Every structure is written in C-alpha cells, then in structure tokens.
Amino acid sequence: MARSRVLVVNNGTLSLKQLRRRFEDLGSDTEAVDATSVPARIDGRYQAVVLSGTKVRAYDLDHYRPLVDLVMGADVPVLGICGGMQIIAVAAGGRLEDGPQRVGGHEVQVDKEDPLFTHVKPTVTVFHRHTLYLQEAPEGFRSIGRSEHAPVEFLRSDDGRIYGAQAHLEFRSDGLEILRGFAQQFQ
Ligand SMILES: NC(=O)CC[C@H](N)C(=O)O
C-alpha cells in the first residue's frame with residue numbers, strides 16, 4: 001500500500017523535525033509548509049493535516065485565515081499541537097487564558113473511550129511547553145483530556161475529525177502513542 005501523506009503546517013515551532021520524524025516513523029510521508037503558504041484545498045493530496053506549535057502569545061486570525069479555512073473545510077483528520085490547537089480553538093470562538101509558564105512532563109487524564117487514546121492508560125504523562133491555555137472548549141468541540149492546570153488538554157470536534165493537544169506529543173512515549181492513535185485514523 002502507498003504511504004499516506006501528512007501535511008505538517010509549521011507555525012514556528014521549535015520541534016518541526018521531531019514532529020515530522022514521528023509521522024515518518026509511523027509510516028507516513030510528510031510535507032512541511034509555513035502557515036502562510038498552505039494550499040487552498042487538500043484535493044486528495046494529503047490524508048491528514050498536522051498544525052505545529054507556535055511562538056506567538058496572541059493569534060491574529062487574519063494571518064491564520066488560509067490555514068483556518070483549510071482546516072475547517074478539509075475532509076481529512078486534523079491534529080493541532082499546542083499553539084496549533086490554540087489557533088483552531090480561537091478560530092472556533094474559544095478564549096485563551098494566560099497561565100504560568102509550563103515546561104516539562106505533566107500528567108493529564110484522558111477519555112479512554114476516544115480512539116485517540118487507544119494505546120495509552122487513562123492518565124498519561126506528556127510534555128508541555130506553553131503559557132496560554134483553554135478554559136473551555138469552543139462551540140462544536142469538547143474537551144477529551146484535563147489536568148490540574150487546564151480543563152482542556154485535548155480537544156475534539158463533535159464530528160471527531162479535528163483534534164487538538166495542548167501538549168507537544170512529539171515528545172515522550174505517551175505522546176508518541178497518542179500520535180499513533182491519531183495516525184490509525186487515516187493510515
Ligand atoms: N509551544 C507553543 O505552541 C506555545 C503556544 C503559545 N504561544 C503559548 O505560550 O501557550
């Protein structure tokens with residue numbers, strides 16, 4: 001079977017290489033583009049879209065409009081990592097809170113019944129590197145993971161096509177197993 005192709009949107013993350021590498025190890029080819037030069041449509045060229053983390057502290061939706069239009073209109077699975085999840089949440093009307101800086105491994109309780117978490121236990125340890133966080137899932141989404149720091153550690157659209165993770169799943173073994181759960185939805 002031909003390898004699936006994942007479009008990795010680089011929003012300025014420090015860990016683009018690791019993120020691409022994880023999907024390549026899981027059996028997909030990856031193509032990286034900057035947020036400002038995403039294609040207008042998927043047109044069957046990619047089987048999934050992954051949004052990397054960011055460096056910014058506020059999201060100018062005009063800047064991200066082409067990316068948001070692509071994500072919302074696509075017919076393939078989407079995963080937003082850290083700032084990538086925040087872009088999706090803000091575009092859907094969510095509000096980000098300013099928290100203390102959080103860097104390192106932290107425990108998160110996840111909804112085991114979701115296919116994203118097929119390969120992990122109900123409590124995972126994942127790597128965080130962020131300050132902003134979501135207090136509430138925006139309309140059309142719900143939280144499928146929470147911690148003592150944030151009530152929305154993982155986000156899922158009501159139709160199950162769009163996922164978000166506040167943690168950098170490209171690090172730590174639980175993160176990789178969650179990426180495996182995501183990859184199984186299109187591979
Ligand atoms: N690593 C990231 O993607 C950071 C996201 C966002 N800028 C924050 O500080 O929360």
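Note that these values count all heavy atoms, side chains included, but never hydrogens, waters or copies made by symmetry. Whatever order the structure lists them in is the order used to number ligands and atoms, beginning at 1. The structure presented is a predicted model; accordingly, all values stated were derived computationally and were not measured.
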Nearest atoms (heavy-atom pairs only) where Gln166 meets Tyr133: OE1-CA, 4.2 Å

Spell out, as yes or no, whether a donor-acceptor pair under 3.5 Å connects the side chain of [X] to the backbone of [Y].
| X | Y | result |
| --- | --- | --- |
| Asp159 | Arg161 | yes |
| Thr131 | Asp98 | no |
| Lys112 | Thr123 | no |

Testing Arg20, Gln187, Arg22, Arg5 one by one against Ser28 for a side-chain hydrogen bond (donor to acceptor under 3.5 Å, both in side chains), which residue passes? Gln187

Below 30° counts as parallel, above 60° as perpendicular, anything between as tilted: where do the rings of His130 and His128 land? tilted

N/O contact list for ligand 1, threshold under 3.5 Å:
residue: ligand 1; atom: 1 (N); partner: Arg129; partner atom: O; Å: 2.9
residue: ligand 1; atom: 1 (N); partner: His168; partner atom: NE2; Å: 3.1
residue: ligand 1; atom: 3 (O); partner: Thr54; partner atom: N; Å: 2.8
residue: ligand 1; atom: 3 (O); partner: Thr54; partner atom: O; Å: 3.3
residue: ligand 1; atom: 3 (O); partner: Gly83; partner atom: N; Å: 2.9
residue: ligand 1; atom: 7 (N); partner: Val56; partner atom: O; Å: 2.4
residue: ligand 1; atom: 9 (O); partner: Thr131; partner atom: N; Å: 3.1
residue: ligand 1; atom: 9 (O); partner: Thr131; partner atom: OG1; Å: 3.1
residue: ligand 1; atom: 10 (O); partner: Gln86; partner atom: NE2; Å: 3.2
residue: ligand 1; atom: 10 (O); partner: Thr131; partner atom: N; Å: 3.1
residue: ligand 1; atom: 10 (O); partner: Leu132; partner atom: N; Å: 2.8

